K.L.:
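I have a structure here, written as structure tokens, and I will follow up with some questions on it.
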There are 2 protein chains.
Amino acid sequence: MKLENVTEVSSKRWYDDACGTAMALELIGERWSLLVVRELMFGPRRFGELKADLGGISANVLTQRLGGLARAGILTRRMLPSPASVQVYELTPWGYESETAIRELGRWAARSPAHDPTLPLSAASLMLSFRTTFSRQRADGWTALVGFRLGGEEFVGRVDGDWIHVVRADPSAADVTFDGDPMTIASLVYGARPFRDAEAAGTLQITGNRALAERFVTLFPLPDKVAVE
Amino acid sequence: MKLENVTEVSSKRWYDDACGTAMALELIGERWSLLVVRELMFGPRRFGELKADLGGISANVLTQRLGGLARAGILTRRMLPSPASVQVYELTPWGYESETAIRELGRWAARSPAHDPTLPLSAASLMLSFRTTFSRQRADGWTALVGFRLGGEEFVGRVDGDWIHVVRADPSAADVTFDGDPMTIASLVYGARPFRDAEAAGTLQITGNRALAERFVTLFPLPDKVAVE
DNA sequence: CGGCATCCGGGAAGATACTG
DNA sequence: CAGTATCTTCCCGGATGCCG
């Protein structure tokens, strides 16, 4: 049957507001939408990867969101070339441009007293947080190539003094590599947890130039929490 | 009876994600929340004003949102001093800091092919859009004090070359004043509609230095629309 | 298994009526 | 004017099943 959601044009749950911010809410205001975009921020991903990294989203909702975001022109479905022949979802160039807005939202919200940094964290969230909280003042011209192996997902961060670039890539050529789950790495960077502690627990492995790693984790100051009144 | 939403702690509709962006969605991800914040961006407002400016929100939902935002520390309820003695809602300092994120969302979303600038617009949206789209390149050191009377709401924008400051204030001391509804002003600024056109229609009145007004409306270039594939 | 449709229960949003 | 109470409608989330 498939009725194709006939109402179509009159779908009626929009804001009817010319403001760009209201438009943004039409585009990514539904539950999970913005987090789907976040997960795609470092390149194409498969349905199952998205579902796994967005702890708790159900398959039908993910399907809906991917469809809506594709219709909005924020992402596209694409077939990886043979022999892979798997379907992936990838942001459009405009979709990638939402990163600034996503980062600003995160930067603002992280100051909430309710923010709990000990909750689970996806690999993409962690990498994105580096771009958000990077302090060029603390980096002060420093340069390094830092790798990450986060349970199957691999990234390389290149600190070049002014900025940090992060891409999905094989970290084997990096100066130093963190190997652990995202929460563990986050506890080093944002919780000032000693490396030895995590290593003793068996949840972290550092390979390469350890001194660089020790410096790296100091580059990302969190914004101050809001005072509770 | 009022059961007081017993589930309380286990309410379960959160994202369970340490990412700041996910936290932002907890705080302002519910329908209408971010637009309520937007409406408060230029100072305290009353319940009825908010309801009127957010075309279409129902009273019970607005009540819920105001309660939630207050609990989150984003806004506070406050009694204006006697003899006004009316209740108003006002952003906390941290609430005001969300402006950057709101602007970035708007800037990004305005590039959507689906964005329709002819829809209704609140006064706060229009004023906020000035801060979003202001081009210091076009202003090029120019200075002016521009007033707005938007159906009872009054604002003054001060262009000082580098930036534009907008506050709620009596525009009678401004160099020039726009008097009309927000949609009309928007059509001048973003639609390049001739002043004479709107004046002839009786929806616009310019008082003061008209040349300043003509220049003012050129300072706010819209970002290019995304190409439709 | 990846992707998507369908059915269902609970809860949030919308509209309206009502109260101090 | 500032909300509250109530009812309806719609969306979210889970389970299940189909099909490649």
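Chain letters run A, B, ... following the sequence lines, proteins first, then strands; residues in each count from 1. Since this is a predicted model, take the numbers as computed values, not measurements.
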K.L.:
Output the rounded distance in Å from CD (B:Glu49) to P (D:dG3).
P.N.:
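To the nearest whole Å, that distance equals 12 Å.
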
K.L.:
Of the nucleotides D:dT6, C:dC4, C:dT6, which has the atom closest to the A:Arg77 side chain?
P.N.:
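Minimum distance to the A:Arg77 side chain belongs to C:dC4.
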
K.L.:
Could you give the CD-to-C1' distance, from B:Glu30 to C:dG14, as a whole number of Å?
P.N.:
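Going from CD in B:Glu30 over to C1' in C:dG14 covers 15 Å.
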
K.L.:
So, A:Arg107 and B:Glu104, do they make that salt bridge, N to O below 4.0 Å?
P.N.:
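Here A:Arg107 does not pair with B:Glu104 in a salt bridge, since their nearest N and O are not under 4.0 Å apart.
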
K.L.:
So, B:Ser98 side chain and B:Trp94 main chain: donor-acceptor pair closer than 3.5 Å or not?
P.N.:
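Not confirmed, B:Ser98 side chain does not pair with B:Trp94 backbone.
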
K.L.:
State, to 0.1 Å, how close B:Arg38 and B:Ala124 come at their nearest heavy-atom pair, and which atoms those are.
P.N.:
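Here B:Arg38 and B:Ala124 meet closest at O-CB, 3.9 Å.
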
K.L.:
Find the distance A:Trp14:CH2 to C:dG14:P and express it as a whole number of Å.
P.N.:
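Distance, rounded to whole Å: 13 Å.
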
K.L.:
Taking Watson-Crick (N1-N3 plus N6-O4 or O6-N4) and G-U wobble (N1-O2, O6-N3), each under 3.5 Å, can you produce the dot-bracket string of DNA chain D? Use [ ] for crossing pairs and | for inter-strand ones.
P.N.:
||||||||||||||||||..

K.L.:
So, for A:Arg111 and A:Asp224, which heavy atoms are closest and what is the spacing to 0.1 Å?
P.N.:
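Smallest heavy-atom distance, with atoms named: NE-O, 2.7 Å.
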
K.L.:
When rounded to the nearest 0.5 angstrom, what is the spacing between OG1 in B:Thr132 and CG in B:Leu128?
P.N.:
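The distance works out to 5.0 Å.
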
K.L.:
Picking from C:dC4, D:dA15, D:dT4, which would you name as closest to the side chain of A:Asn60?
P.N.:
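Of the candidates, D:dA15 comes closest.
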
K.L.:
Between B:Lys51 (NZ) and C:dG14 (P), how many Å, whole number?
P.N.:
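From B:Lys51 NZ to C:dG14 P: 11 Å.
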
K.L.:
Could you tell me how far apart B:Leu50 (CG) and D:dA2 (P) are, to the nearest whole angstrom?
P.N.:
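Whole-Å distance recorded here is 9 Å.
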
K.L.:
How long is the line joining CG of A:Leu35 and C1' of D:dC12, in whole Å?
P.N.:
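Nearest whole value for this atom pair: 15 Å.
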
K.L.:
Counting only heavy atoms not in A:Arg168 (residues, nucleotides, ligands), do more than 12 fall under 6.0 Å from its CZ?
P.N.:
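Yes, enclosed.
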
K.L.:
Is the phosphate of C:dA12 approached by B:Gln64 (side-chain N or O, under 4.0 Å from OP1 or OP2)?
P.N.:
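So the side chain of B:Gln64 is outside the cut-off, no N or O lying under 4.0 Å from OP1 or OP2 of C:dA12.
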
K.L.:
Identify the heavy atoms of B:Glu26 and B:Tyr15 that sit nearest to each other, and give their distance.
P.N.:
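B:Glu26 and B:Tyr15 have their closest heavy atoms at OE2-N, 2.7 Å.
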
K.L.:
Think B:Arg77 forms a cation-pi with B:Phe47, using NZ or CZ under 6.0 Å from the six-ring centre and within 45 degrees of its axis?
P.N.:
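B:Arg77 over B:Phe47 ring: no.
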
K.L.:
According to a strict under-4.0 Å criterion, is A:Tyr15 in side-chain N/O contact with OP1 or OP2 of C:dG14?
P.N.:
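Result: no.
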
K.L.:
Specify the separation, in whole Å, of atom CD1 of B:Ile57 and atom P of C:dA12.
P.N.:
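The distance from CD1 of B:Ile57 to P of C:dA12 comes to 15 Å, rounded to the nearest Å.
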
K.L.:
Taking only side-chain N and O atoms of A:Arg65, does any of them lie within less than 4.0 angstrom of OP1 or OP2 on D:dC12?
P.N.:
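The answer is yes; a side-chain N or O of A:Arg65 sits under 4.0 Å from OP1 or OP2.
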
K.L.:
Identify each atom pair where a protein N or O and an N or O of nucleotides 17-19 of chain C are less than 3.5 Å apart, giving names and distance.
P.N.:
none

K.L.:
Report yes if at least one side-chain N or O of B:Arg46 is closer than 4.0 Å to OP1 or OP2 of D:dC1; otherwise report no.
P.N.:
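Indeed not, no polar side-chain atom of B:Arg46 lies that close.
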
K.L.:
Any side-chain N or O of B:Trp32 under 4.0 Å from OP1/OP2 of C:dG14?
P.N.:
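For C:dG14, OP1/OP2 do have a side-chain N/O of B:Trp32 under 4.0 Å.
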
K.L.:
With sequence neighbours excluded, tell me which residues meet ring-ring contact (aromatic ring centres under 6.0 Å, His included) with A:Phe42.
P.N.:
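A:Phe42: ring-ring contact (aromatic ring centres under 6.0 Å, His included) contacts with A:Phe155.
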
K.L.:
What is the distance, rounded to the nearest whole Å, between atom CZ of A:Arg45 and atom P of C:dG2?
P.N.:
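Distance check: A:Arg45 CZ to C:dG2 P gives 12 Å.
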
K.L.:
Answer whether the closest heavy-atom distance between the side chains of A:Leu40 and A:Glu90 falls below 4.5 Å.
P.N.:
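Not touching, per the 4.5 Å side-chain cut-off.
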
